[in-house]
Amino acid sequence: MNSPQELLQRDAPELMRTLALDATAARLEIRILLGQVLSVDRTWLIAHERDSLQAEPIARYEELLGRRLAGEPIAYVLGEKEFYGRTFNVTPDVLIPRPETELLVDLALSQCRVMESPKILDLGTGSGCIAITLVLECPAAQVTAVEESDSALEIARRNAAKNGVHVEFVQSRWFSALGDRQFDIIVANPPYIAPGDPHLLEGDVRHEPAGALVSEDMGLADIREIVVQAKSHLRSKGLHLLEHGYNQAEAVRDLLIKVGFSEPVTRRDLAGIDRVTGAKMSE
Ligand code: GLN
């Protein structure tokens, strides 16, 4: 029992049973875990499927597999997650970057690229994936990222260093430590799931920080707090972009209009779900 092929045969059924994965997903996860302990890619593993592996990497693989079988998200088991084509460190102190959040980045970038040296603010940066991607994709931007949690801020700083970019990190609950500073673009992926939502009891979210996921008032309390304050931190014609839940687009648009933003627009993610709403400050 020591070639990748034998490990696939031995462990895939247990992964399928325990985590309700199909065979393809189970085999992929095993290859991902083996790839990590052997520092090789999945193409290498397929080409070397019958090679014998050493005891030490197998023991390390079994440790990671055990954590995965206990339900830990694969991103935390690996300590990393891909976002916008790059790898970010993640721990249970930060939300695992989601593919749908790439929409928020895309919308910020289309605005960013037509501005000379835009000042961008990312609220509740978590792993830093949004802020860091924005600097990498739009090097002319000056990006500030705020985060309330010490431990998340440390991960975000580490991710910025790993990617060789400068982001100004500020410890702050939303705008509280920012004085009267103003920006051209303010983005946020705040917590927006309602307390008690059954989705919180399923899969990866059970292991993620509740503070990054859950918000009072049917998931809208933090969005409301942010939108109300964003107004005084945006320059004229500045853009505010918010990620939100599948059924919150109308509430977010109403809120934006109520505080004085004009013509809010909601965009769907790749799954066809209303996911990001944006609006500009009136003149
Ligand atoms: N989109 C995430 C989920 O539904 C939630 C992320 C968030 O609350 N910002 O799992």
Side-chain angles (χ1 to χ4, degrees), residues 7-8 11-39 41-42 45 60-105 124-133 147-156 158-159 162-163 189-215 219 243 245-246 269-271 273 275:
L7 296 172
L8 280 161
D11 297 333
E14 196 180 355
L15 263 179
M16 291 166 68
R17 244 191 342 268
T18 315
L19 301 178
L21 300 179
D22 65 26
T24 310
R27 293 170 71 81
L28 178 64
E29 291 210 355
I30 291 171
R31 289 201 173 103
I32 290 172
L33 295 177
L34 282 172
Q36 162 123 340
V37 298
L38 297 168
S39 303
D41 65 18
R42 294 194 281 291
L45 273 174
R60 173 105 183 96
Y61 155 79
E62 284 170 348
E63 181 206 323
L64 299 184
L65 180 73
R67 286 170 56 191
R68 182 63 185 131
L69 285 168
E72 208 177 317
I74 188 122
Y76 292 153
V77 173
L78 297 169
E80 58 186 39
K81 172 73 182 180
E82 196 215 277
F83 181 78
Y84 222 90
R86 302 183 182 91
T87 304
F88 289 85
N89 291 348
V90 292
T91 69
D93 293 312
V94 299
L95 191 79
I96 300 167
R98 309 278 203 273
E100 57 267 30
T101 302
E102 295 183 353
L103 172 63
L104 181 72
V105 169
T125 199
S127 65
C129 66
I130 298 172
I132 293 163
T133 304
E147 171 57 52
E148 192 176 14
S149 141
D150 277 330
S151 40
L153 212 48
E154 201 184 306
I155 308 293
R158 210 185 299 158
N159 277 322
K162 173 175 145 153
N163 281 284
N189 175 18
Y192 53 70
I193 301 177
D197 185 317
H199 170 63
L200 294 166
L201 303 173
E202 293 161 16
D204 287 1
V205 289
R206 291 170 301 164
H207 299 261
E208 292 181 292
L213 290 167
V214 184
S215 191
E243 180 174 323
Y246 71 100
D269 63 21
L270 291 174
I273 294 167
R275 183 59 67 196

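These figures come from a predicted structure and were not determined experimentally.
In terms of modelled atom types and a separation under 3.5 Å, the side chain of R98 and the main chain of I96 share a donor-acceptor contact. Between the side chain of R86 and the backbone N or O of F83, no donor-acceptor pair lies under 3.5 Å. Put simply, the side chain of Q36 gets close to the backbone of L78: a donor and an acceptor are under 3.5 Å apart. Not a single donor-acceptor pair under 3.5 Å links the side chain of N159 to the backbone N or O of F88.
The environment of CG in L270 is sparse: at most 12 heavy-atom neighbours from other residues, nucleotides or ligands sit within 6.0 Å. Counting non-hydrogen atoms of other residues, nucleotides and ligands closer than 6.0 Å to CD of E154 gives a total of 12 or fewer.
Looking only at side-chain heavy atoms (C-beta outward), S127 and P97 come within less than 4.5 Å of each other. Annotation: side chain of T87 is in contact with side chain of K162 (closest heavy-atom distance under 4.5 Å). For the pair I155 and V90, the minimum side-chain heavy-atom distance is 4.5 Å or more. Between E208 and Y76, the closest side-chain pair of non-hydrogen atoms falls below 4.5 Å. Residues L8 and R31 form a side-chain contact, since some pair of their non-hydrogen atoms from C-beta on lies under 4.5 Å apart. Looking at E29 and I74, their side chains come closer than 4.5 Å, going by heavy atoms from C-beta outward.
Nearest heavy atoms, S215 versus P195: O-CD, 3.1 Å. Closest approach of A156 to G126, counting heavy atoms only: CB-O, 3.4 Å. When all heavy atoms are compared, the tightest approach of L213 to V205 is CD1-O, 3.7 Å. Shortest non-hydrogen contact noted between E243 and Y192 is OE2-OH, 2.7 Å. For the residue pair E147 and L153, the shortest heavy atom distance occurs at CB-CD1, 3.5 Å. The shortest non-hydrogen separation linking D269 to R275 is OD2-NE, 3.1 Å.
Atom CG in L201 sits 8.5 Å away from atom CZ in R206 (nearest 0.5 Å). Atoms CG and CD, on L21 and E14 in that order, are 11.5 Å from each other to the nearest 0.5 Å. The CD1 atom of I130 sits 10.5 Å away from the CD atom of E102 when rounded to the nearest 0.5 Å. Separating the CG atom in L65 from the CG atom in L7 is a distance of 9.0 Å, to the nearest 0.5 Å. Put simply, CZ on R158 and OG1 on T91 are 7.5 Å apart, with the number rounded to the nearest 0.5 Å. Expressed to the nearest 0.5 Å, how far CG of N89 lies from CD of E80 amounts to 7.0 Å.
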Next item on the list: Decide yes or no on side chain to side chain contact (heavy atoms under 4.5 Å, CB included) for H199 and I193, but give the supporting numbers first.
Entry: CA-CA 9 Å; H199 170 63; I193 301 177; 3.8 Å; yes

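A salt bridge between R60 and E63 is present, with a side-chain N of the basic residue lying under 4.0 Å from a carboxylate O of the acidic one.
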